[in-house]
Amino acid sequence: MSENNEPSRRRFLNRLWLLLGGVAIAEAAWIVSDFFKPRRRRTQDADEGVFVAGPVTRFEAGSVTAFPQGRFYLARLEDGGFLALNRECTHLGCTVPWVAEEGRFVCPCHASAFYLRGQVLSPPAPRPLDIFPVRIENDIVKVDLGAPTRRQKFSDSQVVRS
């Protein structure tokens, strides 16, 4: 049999396989080229990534308020200062809940515990909870969620007062 006399179904399937192979190669080339392209930098507005927690009067002294949508806790210290604490444990990144009855944060994964200011109460956490920058404008508490600040110890300069 010569090539021109092949059944039309076989010719169709051969061409279909060639077409699908070409599509797969084009897709792979697109993925590889996207991988090596540099990311586009976004221009940030001054208030992009800023979470408005609410008025200062909303938060009682010695309280902790969870903000699940912002992934942080806003702690109002006894002296009236504010700390925005990251919810991730510094040991392995588990979400650390606030246990109001005990007055501390307790990690459910490996039992690390943290004081109200985020300092380590009991290991295995190697360092205090990370914090987000807080600012108070016109008696409104705002938290910058751009990136948490990694800290090695608690310092009074980390507390924002109104």
Side-chain angles (χ1 to χ4, degrees), residues 23-162:
V23 169
I25 290 171
E27 218 174 338
W30 180 24
I31 290 170
V32 168
S33 71
D34 268 359
F35 179 77
F36 287 110
K37 278 185 191 172
R39 290 184 181 171
R40 282 187 236 148
R41 295 216 180 253
R42 294 188 316 174
T43 57
Q44 277 195 323
D45 294 339
D47 283 341
E48 186 177 331
V50 174
F51 186 90
V52 178
V56 171
T57 55
R58 175 181 169 201
F59 308 101
E60 294 180 25
S63 69
V64 174
T65 306
F67 288 93
Q69 64 274 30
R71 300 179 323 275
F72 72 94
Y73 293 105
L74 188 63
R76 178 107 193 243
L77 307 179
E78 294 79 17
D79 65 359
F82 287 94
L83 273 176
L85 300 164
N86 194 351
R87 295 177 66 181
E88 292 181 8
C89 180
T90 55
H91 178 231
L92 291 177
C94 300
T95 299
V96 180
W98 170 251
V99 181
E101 301 81 37
E102 298 176 21
R104 61 187 181 160
F105 298 96
V106 179
C107 180
C109 298
H110 298 102
S112 291
F114 303 89
Y115 290 109
L116 176 67
R117 288 175 168 84
Q119 310 106 301
V120 177
L121 172 64
S122 64
R127 56 187 180 78
L129 293 173
D130 295 334
I131 58 172
F132 292 102
V134 176
R135 66 180 191 247
I136 299 173
E137 297 174 350
N138 299 323
D139 286 334
I140 303 293
V141 180
K142 296 181 179 182
V143 179
D144 183 357
L145 299 177
T149 302
R150 185 182 174 117
R151 59 187 183 150
Q152 296 303 318
K153 63 179 186 164
F154 171 76
S155 168
D156 197 45
S157 65
Q158 298 165 347
V159 178
V160 176
R161 293 178 174 80
S162 55

Can you tell me if [atom1] on [X] sees more than 12 non-hydrogen neighbours from other groups inside 6.0 Å?
| X | atom1 | result |
| --- | --- | --- |
| Arg150 | CZ | no |
| Arg71 | CZ | no |
| Glu60 | CD | no |

Does [Y] offer a backbone N or O that forms a donor-acceptor pair with the side chain of [X] under 3.5 Å?
| X | Y | answer |
| --- | --- | --- |
| Asp144 | Gly146 | yes |
| Arg76 | Thr65 | no |
| Ser112 | Cys107 | no |
| Arg104 | Ala113 | no |

Test side-chain contact (heavy atoms from CB on, under 4.5 Å) applied to Val159 and Leu83, step by step: CA-CA 6 Å; Val159 178; Leu83 273 176; 4.2 Å; yes
Worked check of side-chain contact (heavy atoms from CB on, under 4.5 Å) between Phe114 and Leu85: CA-CA 11 Å; Phe114 303 89; Leu85 300 164; over 6 Å; no
Distance-only check: which donor-acceptor pairs under 3.5 Å involve side-chain atoms of residues 28-37, not counting sequence neighbours?
unit_1	atom_1	unit_2	atom_2	d
Trp30	NE1	Asp34	OD2	3.3
Ser33	OG	Ala29	O	3.3
Ser33	OG	Trp30	O	2.9

Stepwise salt bridge (Lys or Arg N to Asp or Glu O under 4.0 Å) test for Asp139 and Arg58: CA-CA 10 Å; Asp139 286 334; Arg58 175 181 169 201; over 6 Å; no
Can you measure from [atom1] ([X]) to [atom2] ([Y]) and round to the nearest 0.5 angstrom?
| X | Y | atom1 | atom2 | result |
| --- | --- | --- | --- | --- |
| Leu116 | Leu121 | CG | CG | 12.0 Å |
| Asp130 | Thr149 | CG | OG1 | 8.0 Å |
| Arg151 | Gln119 | CZ | CD | 7.0 Å |

Under-2.5 Å SG separation for cysteines Cys89, Cys94: no
Non-hydrogen side-chain atoms of Arg87 and Val96 separated by less than 4.5 Å: no
Min side-chain heavy-atom separation Val50-Arg135 under 4.5 Å: yes
Arg161: which of Asp79, Val56, Val134 passes side chain to side chain contact (heavy atoms under 4.5 Å, CB included): Asp79
Output field: ring centroids Phe72/Phe51 closer than 6.0 Å: yes
Aromatic contact, Phe105 with Tyr73 (centres under 6.0 Å): yes
